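Written below as structure tokens is the structure these notes are about.
As the structure is a prediction and not an experimental result, all values here were calculated from the model.
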Amino acid sequence: MFEYRFMKAFVFILLLGFSCGISAQEFSSVRERSYYVKNQESAGQVHEVIPKARRGYYVKDSVLVDNVFIEDDSRADRLSRVIIPKQQNHGDTVFYPRDIDAYGFPDEERYVSCTIQQDGAFHKVFLEEFIRLNDTTTLFRYQPGKTADFYLQTGQDLRLLTKENFLMLGEMILDRNEGCLPETIAYELSSSIDPRTIRLLYEAFTRCNANVIQRVKYGPTWSGGAGWSDGGNSSPASANYTGTGFAWTAGAFVQLPLDLYFNFRAEVLFSSLYQEKSRVEAGTRSNLTYLRRSLQVPLLFRYNANLIRGRFIPYVEAGPLLDFRLGGRQMVMDISTTDPRMRSLASTGIAFLHYGVAAGIGVEYKINTRQSLYAGLRYHFMRGENLQKDREEERVQHLLFNVSWGF
């Protein structure tokens, strides 16, 4: 018992003596939250459960210590220390980068003890393994705050990844796919080095396909084609009109990448639909004219087939659509077939709000690394409350050929 207490006191004194050690107050707080609970199962086995901890491992002097609970600290704290709570077969311990070689959690994060240079001084830290390229090449992330630094290790050489030496990463990845250099790497070399950019570049290099590098796009958009409106004339008293109108839109869009394939595309469009329809019934020819000018807001989710290599990339899109009336009316002129001088004109208002869906297909042509030309077919279906209460809802449809230019 005396020897056990002596050894425990000796370890405690050593920990206090570490130059990068924690204070006595901090160590005390660590000990207070280091506890475990035993759950007795029917089979007689005891399973240990430690709150705010995960099962992991660490490597000390090239020896693996597996199946230990490691306290689940914040990302910043994991870069400077490892807290191991008191548990069966292991006492409560705090390891620093100088104490162990590496630690981590199976199939999850892994941290390696490395020496980096910052502010003119050398520091021993834990670097998070971000991408393991092969047995000798690893990309590490060091992110104690909001921004991240990346370090590329090749053999024993560890260097900070900068815009100037960024091509090294591509060359390392290309060792597994020799002869493939996505052309958009030229743009990415001058962009910010952040986790998302690194992931996208890794996908581009390993797939030998730069199309997976999606960027924010914006620009003008135009469309034109056929349009139909029943103006609420689907009631029996006003059916049998025939005729197709012309619709067009013009506006702007912004397209935001969601992942390697999906985008969210929002558009603000000025829309116009003009349609003339006619019918002959009971000695009277009726001409119906429908004019609607509106502000349309399509909110679309677009899937790009980015696995296809080359400049032509097919896409499909769909999403809700809102249409706000800016102007327009519906007019009906009745003309007697026996006496053209006998005619009457009636004008009615149209709904302020139409709501519906938009869906389409098309293809993106990549002009260069920043600019794209989009062309496709899109279908709009909308409906809105009719101002004439005895009629059904207004229904409007568009079938449009649209063109956009994104940059």
Will you find, in the side chains of [X] and [Y], an N or O donor that is under 3.5 Å from an N or O acceptor?
X: E128; Y: Y142; answer: no
X: R309; Y: N211; answer: no
X: N134; Y: R132; answer: no
X: Q397; Y: H380; answer: no
X: N287; Y: E276; answer: no
X: S271; Y: T249; answer: no
X: D334; Y: T284; answer: no

Which pair of heavy atoms, one from [X] and one from [Y], lies closest together, and at what distance?
X: R329; Y: G349; result: NH2-N, 3.7 Å
X: P97; Y: S113; result: O-OG, 2.5 Å
X: P298; Y: L269; result: CG-CD1, 3.9 Å
X: R292; Y: E394; result: NH1-OE1, 4.4 Å

**Asked** Q255 and side-chain hydrogen bond (donor to acceptor under 3.5 Å, both in side chains): which partner among R265, R215, E267, K217?
**Response**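 Going through the options one by one, the only one that passes is R265.
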Should the pair [X] and [Y] be classed as cation-pi, given the thresholds of under 6.0 Å to the six-membered ring centre and 45° from the axis?
X: R141; Y: F130; answer: no
X: R302; Y: Y261; answer: no
X: R325; Y: F352; answer: no

**Request:** Step by step, work out the side-chain contact (heavy atoms from CB on, under 4.5 Å) result for L295 and V268.
**Result:** CA-CA 7 Å; L295 181 70; V268 178; 3.8 Å; yes
**Message:** Please evaluate residues S229 and Q275 with respect to the criterion side chain to side chain donor-acceptor pair (under 3.5 Å), reporting the C-alpha separation (whole Å), side-chain torsions for both, the decisive distance (0.1 Å), and the verdict.
**Reply:** CA-CA 7 Å; S229 170; Q275 181 180 17; 4.7 Å; no
**Message:** Do L161 and Y151 make a side-chain contact, defined as non-hydrogen atoms from C-beta onward lying under 4.5 Å apart?
**Reply:**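 L161 vs Y151: side chains apart.
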**Note, S223 side chain near V403 side chain (heavy atom, < 4.5 Å)** =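 No - every pair of side-chain heavy atoms lies 4.5 Å or more apart.
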**Asked** Can E109 and R78 be said to form a salt bridge (Lys or Arg N to Asp or Glu O under 4.0 Å), step by step?
**Response** CA-CA 10 Å; E109 306 101 307; R78 294 177 194 171; 2.6 Å; yes
**Request:** Could you check whether the rings of Y218 and F407 sit parallel, tilted or perpendicular, using 30° and 60° as the cut-offs?
**Result:**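 The arrangement is perpendicular - the two ring planes meet at more than 60°.
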**Message:** Once you measure the plane-to-plane angle for Y365 and F312, does it fall in the parallel (<30°), tilted (30-60°) or perpendicular (>60°) bin?
**Reply:**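 Y365 vs F312 ring planes: tilted.
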**Request:** For the pair I84 and Q87, evaluate side-chain contact (heavy atoms from CB on, under 4.5 Å) and give the outcome as yes or no after the intermediate values.
**Result:** CA-CA 8 Å; I84 300 184; Q87 55 197 281; 3.3 Å; yes
**Prompt:** Going through the distances and angles, do F262 and Y303 end up as a ring pair (Phe, Tyr, Trp, His ring centres under 6.0 Å)?
**Reply:** CA-CA 5 Å; F262 283 94; Y303 174 81; 5.1 Å; yes
**Item:** Positive for side-chain contact (heavy atoms from CB on, under 4.5 Å) with I83, one of D77, D73, D92
**Value:**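 Result for side-chain contact (heavy atoms from CB on, under 4.5 Å) with I83: D73.
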**Request:** Could you please spell out the steps behind the side-chain contact (heavy atoms from CB on, under 4.5 Å) verdict for D323 and Y355?
**Result:** CA-CA 6 Å; D323 183 293; Y355 56 91; over 6 Å; no
Determine whether the aromatic ring centres of [X] and [Y] lie less than 6.0 Å apart.
X: F150; Y: F140; value: no
X: Y111; Y: Y103; value: yes
X: F401; Y: W222; value: no
X: F264; Y: F301; value: yes

**Asked** When you look at CG of N89, are more than 12 heavy atoms from neighbouring residues, nucleotides or ligands closer to it than 6.0 Å?
**Response**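 12 or below, so no.
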**Prompt:** Is the NZ atom of K52 crowded by more than 12 outside heavy atoms at less than 6.0 Å?
**Reply:**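 No, because the 6.0 Å sphere around NZ of K52 holds 12 heavy atoms or fewer from other groups.
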**Prompt:** Given the rule in the side-chain contact (heavy atoms from CB on, under 4.5 Å) test, do I131 and L133 qualify, once you have shown the distances and angles that lead to the verdict?
**Reply:** CA-CA 6 Å; I131 298 176; L133 302 177; 3.5 Å; yes
**Salt bridge R311-E364, side-chain N to carboxylate O under 4.0 Å** =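 Not counted as a salt bridge, because no side-chain N and carboxylate O are separated by less than 4.0 Å.
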**Prompt:** Looking at R54 and E71, does any basic side-chain N land under 4.0 Å from a carboxylate oxygen?
**Reply:**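 Looking at R54 and E71, the cut-off is not met.
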**Item:** Working for salt bridge (Lys or Arg N to Asp or Glu O under 4.0 Å), residues R378 and E317
**Value:** CA-CA 9 Å; R378 186 183 294 176; E317 60 185 3; 3.0 Å; yes
